[in-house]
Amino acid sequence: MTKLILGCGYLGLRVARRWLEAGEVVHAVTRSPERAAEFARQGLKPIVADVAEPDMLAGRLPEAETVLYAIGYDSRAGRSREEVQLAGLESVLDALPPRTGRLVYISSTGVYGQMSGEWVNEDSPCLPTREAGRVALAAEELLARHPLGERTFALRLAGIYGPDRIPHRGDLMAGRPISAMLESYLNLIHVDDAAAAVLAAEAHGQPPRMFLVSDGHPVRRSDWFAELARLFAAPPPRFEPPSPEALAASRSGTDKRISNARIASELHFSPRYPSYREGLASIVRELDTIDDS
(Lines give C-alpha, C1' and ligand atoms only; values in the text may rest on other atoms or scores of the structure.)
Protein backbone atom coordinates (compact mmCIF):
# COMPACT_ATOMS: atom_id res chain seq x y z
CA MET A 1 0.00 0.00 0.00
CA THR A 2 1.05 3.60 -0.54
CA LYS A 3 2.11 5.97 2.24
CA LEU A 4 3.01 9.66 2.03
CA ILE A 5 5.12 11.61 4.51
CA LEU A 6 5.38 15.38 4.65
CA GLY A 7 8.09 16.17 7.15
CA CYS A 8 10.39 13.16 6.88
CA GLY A 9 12.78 14.25 9.60
CA TYR A 10 13.66 13.05 13.09
CA LEU A 11 10.28 11.39 13.64
CA GLY A 12 9.02 10.97 10.07
CA LEU A 13 12.08 9.04 8.90
CA ARG A 14 11.61 6.49 11.69
CA VAL A 15 8.01 5.98 10.63
CA ALA A 16 9.16 5.65 7.01
CA ARG A 17 11.63 2.93 7.93
CA ARG A 18 8.95 0.94 9.73
CA TRP A 19 6.65 1.20 6.73
CA LEU A 20 9.45 0.13 4.40
CA GLU A 21 10.21 -2.87 6.61
CA ALA A 22 6.53 -3.84 6.29
CA GLY A 23 6.80 -3.76 2.49
CA GLU A 24 4.92 -0.51 1.94
CA VAL A 25 5.58 2.02 -0.84
CA VAL A 26 6.58 5.25 0.88
CA HIS A 27 6.67 8.68 -0.76
CA ALA A 28 8.37 11.55 1.08
CA VAL A 29 8.22 15.28 0.36
CA THR A 30 11.36 17.35 0.94
CA ARG A 31 12.54 20.81 -0.09
CA SER A 32 16.09 19.60 -0.58
CA PRO A 33 17.32 17.81 -3.74
CA GLU A 34 20.24 16.44 -1.71
CA ARG A 35 17.89 15.01 0.89
CA ALA A 36 15.72 13.62 -1.90
CA ALA A 37 18.74 11.71 -3.21
CA GLU A 38 19.36 10.31 0.26
CA PHE A 39 15.72 9.27 0.56
CA ALA A 40 15.97 7.44 -2.76
CA ARG A 41 19.04 5.55 -1.54
CA GLN A 42 17.04 4.41 1.48
CA GLY A 43 14.20 3.09 -0.67
CA LEU A 44 11.79 6.02 -0.42
CA LYS A 45 10.17 7.72 -3.39
CA PRO A 46 11.11 11.40 -3.00
CA ILE A 47 9.08 14.39 -4.12
CA VAL A 48 10.98 17.69 -4.16
CA ALA A 49 8.50 20.40 -3.19
CA ASP A 50 7.91 23.12 -0.61
CA VAL A 51 4.57 23.11 1.22
CA ALA A 52 4.75 26.90 1.32
CA GLU A 53 4.76 26.94 -2.52
CA PRO A 54 1.33 25.58 -3.60
CA ASP A 55 2.30 25.40 -7.29
CA MET A 56 5.01 22.87 -6.42
CA LEU A 57 2.43 20.50 -4.93
CA ALA A 58 -0.32 20.62 -7.54
CA GLY A 59 -0.81 17.26 -9.20
CA ARG A 60 2.28 15.73 -7.59
CA LEU A 61 1.01 14.08 -4.41
CA PRO A 62 0.09 10.40 -4.77
CA GLU A 63 -3.14 8.80 -3.67
CA ALA A 64 -2.09 7.33 -0.34
CA GLU A 65 -3.74 5.06 2.16
CA THR A 66 -2.08 7.04 4.97
CA VAL A 67 -0.55 10.51 5.01
CA LEU A 68 1.75 11.53 7.84
CA TYR A 69 2.00 15.29 8.26
CA ALA A 70 4.96 15.96 10.55
CA ILE A 71 6.40 19.22 9.26
CA GLY A 72 8.33 21.13 11.87
CA TYR A 73 9.39 24.75 11.82
CA ASP A 74 12.85 25.75 10.60
CA SER A 75 13.49 29.43 11.26
CA ARG A 76 16.47 29.29 8.88
CA ALA A 77 14.09 28.89 5.94
CA GLY A 78 13.10 32.55 6.16
CA ARG A 79 9.36 31.94 6.54
CA SER A 80 6.96 32.48 9.41
CA ARG A 81 5.31 29.67 11.33
CA GLU A 82 1.99 30.64 9.81
CA GLU A 83 3.40 30.34 6.29
CA VAL A 84 4.89 26.89 6.92
CA GLN A 85 2.62 25.21 9.44
CA LEU A 86 -0.72 26.81 8.69
CA ALA A 87 -0.77 28.03 5.08
CA GLY A 88 1.46 25.08 4.17
CA LEU A 89 -1.04 22.64 5.66
CA GLU A 90 -3.85 24.29 3.73
CA SER A 91 -1.85 23.93 0.49
CA VAL A 92 -1.27 20.25 1.18
CA LEU A 93 -4.94 19.64 1.91
CA ASP A 94 -5.83 21.29 -1.40
CA ALA A 95 -3.27 19.17 -3.26
CA LEU A 96 -4.09 15.76 -1.77
CA PRO A 97 -6.18 13.49 -4.02
CA PRO A 98 -9.84 13.21 -2.94
CA ARG A 99 -9.49 9.49 -2.24
CA THR A 100 -6.73 9.93 0.33
CA GLY A 101 -7.33 7.34 3.05
CA ARG A 102 -6.46 8.92 6.36
CA LEU A 103 -4.14 11.55 7.74
CA VAL A 104 -2.02 11.51 10.90
CA TYR A 105 -1.27 15.07 11.94
CA ILE A 106 1.61 15.69 14.35
CA SER A 107 0.65 18.46 16.74
CA SER A 108 2.05 19.50 20.10
CA THR A 109 1.15 19.60 23.78
CA GLY A 110 2.21 23.23 23.46
CA VAL A 111 -1.48 23.93 22.77
CA TYR A 112 -1.86 23.73 26.56
CA GLY A 113 -0.64 26.53 28.78
CA GLN A 114 -1.56 25.32 32.26
CA MET A 115 0.70 26.70 34.97
CA SER A 116 0.04 24.81 38.21
CA GLY A 117 1.39 21.32 37.58
CA GLU A 118 -2.08 19.93 36.95
CA TRP A 119 -2.76 16.81 34.88
CA VAL A 120 -3.90 17.55 31.33
CA ASN A 121 -5.86 15.29 28.98
CA GLU A 122 -7.55 15.60 25.59
CA ASP A 123 -10.55 17.37 27.12
CA SER A 124 -8.55 20.00 29.00
CA PRO A 125 -8.89 23.59 27.77
CA CYS A 126 -6.28 24.74 25.29
CA LEU A 127 -4.51 27.86 26.52
CA PRO A 128 -1.39 28.24 24.38
CA THR A 129 1.07 30.82 25.67
CA ARG A 130 3.66 30.55 22.88
CA GLU A 131 3.45 31.18 19.15
CA ALA A 132 4.21 27.54 18.36
CA GLY A 133 1.24 26.37 20.42
CA ARG A 134 -1.09 28.95 18.92
CA VAL A 135 -0.15 27.96 15.37
CA ALA A 136 -0.51 24.24 16.18
CA LEU A 137 -3.99 24.83 17.56
CA ALA A 138 -4.98 26.91 14.52
CA ALA A 139 -3.75 24.10 12.25
CA GLU A 140 -5.83 21.55 14.17
CA GLU A 141 -8.89 23.78 13.75
CA LEU A 142 -8.18 24.11 10.02
CA LEU A 143 -8.05 20.33 9.72
CA ALA A 144 -11.29 19.91 11.66
CA ARG A 145 -13.09 22.16 9.15
CA HIS A 146 -11.72 20.31 6.11
CA PRO A 147 -13.49 17.23 4.64
CA LEU A 148 -10.35 15.17 5.36
CA GLY A 149 -10.77 16.08 9.01
CA GLU A 150 -13.24 13.22 9.32
CA ARG A 151 -10.38 10.85 8.48
CA THR A 152 -7.71 12.49 10.63
CA PHE A 153 -5.83 11.56 13.79
CA ALA A 154 -4.27 14.52 15.59
CA LEU A 155 -1.41 13.43 17.83
CA ARG A 156 -0.34 16.03 20.35
CA LEU A 157 3.21 15.02 21.16
CA ALA A 158 5.09 15.80 24.34
CA GLY A 159 8.75 16.77 24.03
CA ILE A 160 10.56 14.32 21.75
CA TYR A 161 13.96 13.10 22.85
CA GLY A 162 16.25 10.35 21.65
CA PRO A 163 19.67 9.78 20.10
CA ASP A 164 21.20 13.14 19.11
CA ARG A 165 18.35 15.00 20.77
CA ILE A 166 18.79 15.31 24.52
CA PRO A 167 17.68 18.67 25.94
CA HIS A 168 20.59 20.69 27.40
CA ARG A 169 23.12 17.87 27.25
CA GLY A 170 25.69 20.18 25.65
CA ASP A 171 25.29 22.80 28.38
CA LEU A 172 25.56 20.12 31.05
CA MET A 173 28.71 18.53 29.65
CA ALA A 174 30.36 21.94 29.23
CA GLY A 175 29.50 23.01 32.77
CA ARG A 176 27.49 25.96 31.54
CA PRO A 177 24.66 27.22 33.76
CA ILE A 178 21.25 26.02 32.59
CA SER A 179 18.33 28.40 32.53
CA ALA A 180 15.33 26.45 33.86
CA MET A 181 12.43 26.44 36.29
CA LEU A 182 13.63 23.41 38.22
CA GLU A 183 10.40 22.39 39.90
CA SER A 184 8.26 22.56 36.76
CA TYR A 185 7.51 19.38 34.85
CA LEU A 186 8.97 17.99 31.64
CA ASN A 187 6.64 15.82 29.57
CA LEU A 188 8.53 13.51 27.26
CA ILE A 189 8.26 10.78 24.64
CA HIS A 190 11.17 8.84 23.16
CA VAL A 191 11.27 9.26 19.37
CA ASP A 192 10.92 5.51 18.79
CA ASP A 193 7.79 5.44 20.96
CA ALA A 194 6.43 8.45 19.06
CA ALA A 195 6.87 6.50 15.81
CA ALA A 196 5.09 3.53 17.38
CA ALA A 197 2.20 5.81 18.37
CA VAL A 198 1.79 6.93 14.74
CA LEU A 199 1.53 3.31 13.60
CA ALA A 200 -0.83 2.43 16.45
CA ALA A 201 -3.20 5.24 15.48
CA GLU A 202 -3.07 4.19 11.84
CA ALA A 203 -3.68 0.51 12.58
CA HIS A 204 -6.17 0.56 15.45
CA GLY A 205 -7.75 3.97 15.75
CA GLN A 206 -11.12 5.16 14.50
CA PRO A 207 -10.88 8.71 13.11
CA PRO A 208 -11.54 11.47 13.72
CA ARG A 209 -9.71 11.25 17.03
CA MET A 210 -7.26 13.19 19.17
CA PHE A 211 -4.55 11.55 21.27
CA LEU A 212 -1.96 12.93 23.65
CA VAL A 213 1.34 11.10 23.19
CA SER A 214 3.68 11.00 26.16
CA ASP A 215 5.30 8.33 28.29
CA GLY A 216 2.85 9.22 31.05
CA HIS A 217 5.59 9.87 33.62
CA PRO A 218 6.31 13.60 33.83
CA VAL A 219 9.60 14.47 35.49
CA ARG A 220 10.63 17.59 37.30
CA ARG A 221 13.40 19.36 35.46
CA SER A 222 15.72 19.10 38.47
CA ASP A 223 15.42 15.30 38.39
CA TRP A 224 15.96 15.18 34.61
CA PHE A 225 19.24 17.08 34.87
CA ALA A 226 20.43 15.06 37.86
CA GLU A 227 19.88 11.79 36.00
CA LEU A 228 21.46 13.19 32.85
CA ALA A 229 24.56 14.21 34.78
CA ARG A 230 24.78 10.78 36.42
CA LEU A 231 24.45 8.80 33.20
CA PHE A 232 26.90 10.90 31.21
CA ALA A 233 29.37 11.38 34.08
CA ALA A 234 28.98 15.13 33.68
CA PRO A 235 29.79 17.81 36.26
CA PRO A 236 26.97 18.54 38.73
CA PRO A 237 24.46 20.76 36.92
CA ARG A 238 24.50 24.48 37.57
CA PHE A 239 21.36 26.56 37.16
CA GLU A 240 20.23 30.12 36.79
CA PRO A 241 16.67 31.45 36.82
CA PRO A 242 15.40 32.23 33.32
CA SER A 243 14.78 35.83 32.39
CA PRO A 244 11.14 36.84 31.85
CA GLU A 245 11.79 37.07 28.11
CA ALA A 246 13.34 33.61 27.91
CA LEU A 247 10.60 32.15 30.10
CA ALA A 248 7.88 33.49 27.81
CA ALA A 249 9.57 31.93 24.79
CA SER A 250 10.26 28.51 26.31
CA ARG A 251 8.32 25.40 27.29
CA SER A 252 9.42 25.91 30.88
CA GLY A 253 7.07 28.88 30.97
CA THR A 254 4.27 26.37 31.56
CA ASP A 255 3.86 23.68 34.19
CA LYS A 256 1.60 20.73 33.45
CA ARG A 257 1.53 16.93 33.46
CA ILE A 258 0.41 15.15 30.30
CA SER A 259 -1.79 12.07 30.63
CA ASN A 260 -1.49 9.24 28.11
CA ALA A 261 -4.57 7.41 29.44
CA ARG A 262 -6.63 7.67 26.23
CA ILE A 263 -4.01 6.31 23.86
CA ALA A 264 -3.18 3.55 26.36
CA SER A 265 -6.79 2.46 26.75
CA GLU A 266 -8.03 2.89 23.15
CA LEU A 267 -4.94 1.86 21.19
CA HIS A 268 -3.29 -0.34 23.85
CA PHE A 269 -0.25 1.86 23.48
CA SER A 270 2.52 0.93 25.90
CA PRO A 271 5.80 2.85 25.47
CA ARG A 272 8.94 0.80 25.13
CA TYR A 273 10.56 3.47 27.31
CA PRO A 274 7.99 4.09 30.08
CA SER A 275 9.97 6.98 31.58
CA TYR A 276 12.96 9.17 30.91
CA ARG A 277 15.15 6.84 32.97
CA GLU A 278 14.77 3.88 30.60
CA GLY A 279 14.97 6.14 27.56
CA LEU A 280 18.19 7.87 28.61
CA ALA A 281 19.75 4.56 29.66
CA SER A 282 19.07 3.13 26.19
CA ILE A 283 20.75 6.12 24.56
CA VAL A 284 23.83 5.69 26.76
CA ARG A 285 24.02 1.98 25.88
CA GLU A 286 23.79 2.86 22.18
CA LEU A 287 26.59 5.43 22.50
CA ASP A 288 28.77 2.92 24.36
CA THR A 289 28.21 0.41 21.55
CA ILE A 290 29.27 2.96 18.94
CA ASP A 291 32.36 3.92 20.95
CA ASP A 292 33.39 0.28 21.29
CA SER A 293 32.95 -0.54 17.60
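All values below were derived from every heavy atom in this structure, side-chain atoms included, with hydrogens, water molecules and symmetry-related copies excluded. Being a predicted model, the structure only gives us computed values, none of them experimental.
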> Between Y112 and R156, does any side-chain donor sit less than 3.5 Å from a side-chain acceptor?
Replying inline: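 Looking only at side-chain atoms, R156 and Y112 do form a donor-acceptor pair, the distance falling under 3.5 Å.
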With a 4.5 Å limit on heavy-atom distance, are the side chains of [X] and [Y] in contact?
X: I166; Y: I283; result: yes
X: V198; Y: I106; result: yes
X: R18; Y: D192; result: yes
X: L96; Y: V67; result: yes

> Between W224 and Y276, what is the ring plane arrangement, given parallel below 30°, perpendicular above 60°, and tilted in between?
Replying inline: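 Tilted.
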> Can the positive tip of R165 be found less than 6.0 Å from the middle of the six-membered ring of Y10, inside 45° of the ring normal?
Replying inline: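 Verdict for Y10: a cation-pi partner in R165.
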> Can you tell which of I5, I47, V29, L13 makes a side chain to side chain contact (heavy atoms under 4.5 Å, CB included) with F39?
Replying inline: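 Of I5, I47, V29, L13, side chain to side chain contact (heavy atoms under 4.5 Å, CB included) with F39 is met by L13 alone.
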Is it true that a side-chain atom of [X] and a backbone atom of [Y] form a donor plus acceptor pair closer than 3.5 Å?
X: R151; Y: L103; value: no
X: R176; Y: L172; value: no
X: E183; Y: R221; value: no

> Do R79 and D50 meet the salt-bridge criterion of a basic N to acidic O distance under 4.0 Å?
Replying inline: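 A salt bridge is present here (some side-chain N lies under 4.0 Å from a carboxylate O).
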> Would you call R35 and E38 a salt bridge, using N to O less than 4.0 angstrom?
Replying inline: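 Salt bridge absent between R35 and E38.
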>> Please tell me whether F225 and F239 form a close aromatic pair, meaning their ring centres lie under 6.0 Å apart.
In response: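 Yes, the ring of F225 comes within the 6.0 Å limit of the ring of F239, centre to centre.
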